[in-house]
2 protein chains.
Amino acid sequence: MDGGVQAVPEQAPLAAQPRVAVDAVLFTIADGELQTLLVKIKNGPFRGQWAFPGGLVKVGETLEEAARRELYEKTGVRDLYLEQLYTFGDAHRDPTAHTISVAYFALVPYFAHALQRGEKYADVGWFPVRSLPPLAYDHNAIAASALQRLQAKLSYTNIVYSLLPPEFTLAELQDIYEVILGRTLDRRNFRRKILALGLLKPLQKTRRGAHRPAMLYSFVRRSPMNIEVL
Amino acid sequence: MDGGVQAVPEQAPLAAQPRVAVDAVLFTIADGELQTLLVKIKNGPFRGQWAFPGGLVKVGETLEEAARRELYEKTGVRDLYLEQLYTFGDAHRDPTAHTISVAYFALVPYFAHALQRGEKYADVGWFPVRSLPPLAYDHNAIAASALQRLQAKLSYTNIVYSLLPPEFTLAELQDIYEVILGRTLDRRNFRRKILALGLLKPLQKTRRGAHRPAMLYSFVRRSPMNIEVL
DNA sequence: GCAAAAGTGTTGAGATTACACCCATGC
DNA sequence: GCATGGGTGTAATCTCAACACTTTTGC
């Protein structure tokens with residue numbers, strides 16, 4: 001059951017309950033690296049340290065709404081892939097007060113997001129996820145967990161679409177896999193495999209660069225589905 | 001960040017924060033079926049309905065501790081497999097007050113658990129998971145999610161060990177897979193595959209029954225690990 | 001014409017599936 | 001001696017990994 005009604009018919013003092021926050025790990029690919037959005041904390045014991053954006057959940061608000069709200073405030077982006085990651089509930093993770101944190105992980109294509117510091121934080125920025133600074137709270141653990149989830153989901157879902165613009169080349173797609181998984185993939189095997197899945201449709205266009213133009217592709221569906229990709 | 005310190009320097013009234021509960025879905029195999037532990041609610045809007053055991057999280061208590069506590073009170077079992085499932089945070093899932101629920105899923109071997117109703121609930125019992133009654137809160141959704149997770153984890157981890165007594169036959173092991181996955185498996189292929197993993201050690205004993213005695217096995221390690229099983 | 005990225009097939013190894021008969025025991 | 005579940009091997013198919021050369025463009 002829910003702890004609700006019959007557990008505490010007349011409630012214990014509310015201060016005896018932990019608080020609920022959401023924190024969001026937003027990933028993007030930029031400069032050939034997997035990067036993540038961090039904010040710099042203004043006050044309190046973690047003042048000056050970097051952390052994932054987050055905040056307390058309001059009554060009447062869905063957890064996912066809270067996470068979207070936080071990310072929207074920082075990035076101005078509403079359309080991003082968002083999924084619940086894990087709930088961190090260690091009693092001492094926040095020295096100020098017992099605060100459990102429902103962590104989300106999110107993906108956006110990188111296109112010059114106008115990051116907004118807002119009033120709440122001292123700074124905002126993208127950081128390469130393989131070399132994060134020491135973060136506030138247990139956020140380094142959250143980062144590790146998010147990266148692990150991302151790697152796993154890349155292999156058995158189609159969520160890469162949310163890291164890519166509407167049109168892209170197979171080389172760009174492969175680069176994303178390589179950057180996130182941290183290993184190189186055979187180009188021929190990759191193309192054969194990914195095309196066989198029928199997730200992509202070739203466009204009648206090419207991307208012209210310094211060399212031979214590459215065929216552009218788009219996703220047939222831009223909605224999450226489970227499918228064995230690698 | 002965590003919503004904590006700088007988000008709400010002087011806090012909004014605490015009542016403006018959702019409450020935090022844990023709910024635990026405990027699975028076992030009994031009578032050749034996958035069963036789950038339910039409690040009958042005594043008071044409040046869901047009075048008389050069945051639900052998963054759970055309760056509010058106390059300050060200073062880990063989420064996992066809270067879940068273990070709830071299950072221990074009902075079953076008297078401390079040694080069970082426990083893993084966080086998902087956090088359900090819909091604002092209206094508990095009509096009394098906004099309560100987010102961190103759901104856990106747990107596994108025990110079935111050996112005549114002396115179930116304890118306790119004071120908090122009107123009743124406790126095992127129910128076949130494929131034919132649950134309508135549950136309180138959003139617990140039918142939690143059940144579906146737990147079953148899905150269990151099926152997935154059975155395929156890529158060794159956690160079946162937590163549904164089995166120390167010694168068992170390969171047929172008993174296979175039965176568990178078949179009951180949970182809901183499909184039959186080829187006996188020869190199953191044995192070959194599972195033995196090749198090296199997770200089991202054959203004992204120099206047999207189980208005598210009505211027919212040809214079966215070799216008994218035990219797990220080499222009874223701790224969770226990721227490994228492709230099926 | 002040359003540098004650079006795009007595009008393309010084949011082969012071998014290993015894994016997965018499908019399938020049928022003999023064995024040991026209790027009654 | 002028969003009914004019941006325990007135990008075993010092989011062949012066909014599929015999947016996955018490894019690997020090198022030709023094409024098209026910009027300069």
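Because the structure is predicted, anything quoted here is derived from the model rather than measured. The sequence lines fix the lettering, A, B, ..., with proteins before strands; numbering per chain opens at 1.
- A tilted orientation is assigned to the rings of Phe46(B) and Tyr137(B), their planes being inclined by 30° to 60°.
- Within 6.0 Å of CG in Asn226(B) there are more than 12 heavy atoms belonging to other residues, nucleotides or ligands.
- Between Glu65(A) and Arg69(A) there is no salt bridge, since no side-chain nitrogen of the basic residue lies less than 4.0 Å from a carboxylate oxygen of the acidic one.
- Annotation for Glu228(A): atom CD counts as buried by contact number, over 12 foreign heavy atoms lying within 6.0 Å.
- Listed nucleotides dT16(C), dA5(C), dT25(C) differ in distance to His211(A); the shortest reach to its side chain belongs to dA5(C).
- If you check dG26(D), dG7(C), dG6(D) against the side chain of Met215(A), the one that comes closest is dG7(C).
- Between the CD1 atom of Ile194(A) and the P atom of dT8(C) there is a distance of 15 Å, rounded to whole Å.
- Side-chain contact between Leu85(A) and Ser145(A) is present, with heavy atoms from C-beta onward closer than 4.5 Å.
- Not a single donor-acceptor pair, N or O on each side, falls under 3.5 Å between the base of dG26(C) and the side chain of Arg212(B).
- You won't find any donor-acceptor pair under 3.5 Å spanning the side chain of Arg191(A) and the base of dG7(C), going by distance alone.
- Judged by distance alone, the side chain of Thr36(A) and the main-chain N or O of Leu26(A) form a donor-acceptor pair under 3.5 Å.
- When the C1' atom of dG9(D) is taken as reference, atom CZ of Phe190(B) falls 19 Å away, rounded to whole Å.
- Of the candidate nucleotides dT25(C), dG6(D), dT25(D), dT25(D) has the atom nearest to the side chain of Arg208(A).
- A heavy atom lying under 4.0 Å from DNA chain C marks the following residues of residues 167-189 of chain B, by number: Asp186(B), Arg188(B), Asn189(B).
- Between dA17(D), dT25(C), dT25(D), one nucleotide has an atom nearer to the side chain of Arg192(A) than all others, and that is dA17(D).
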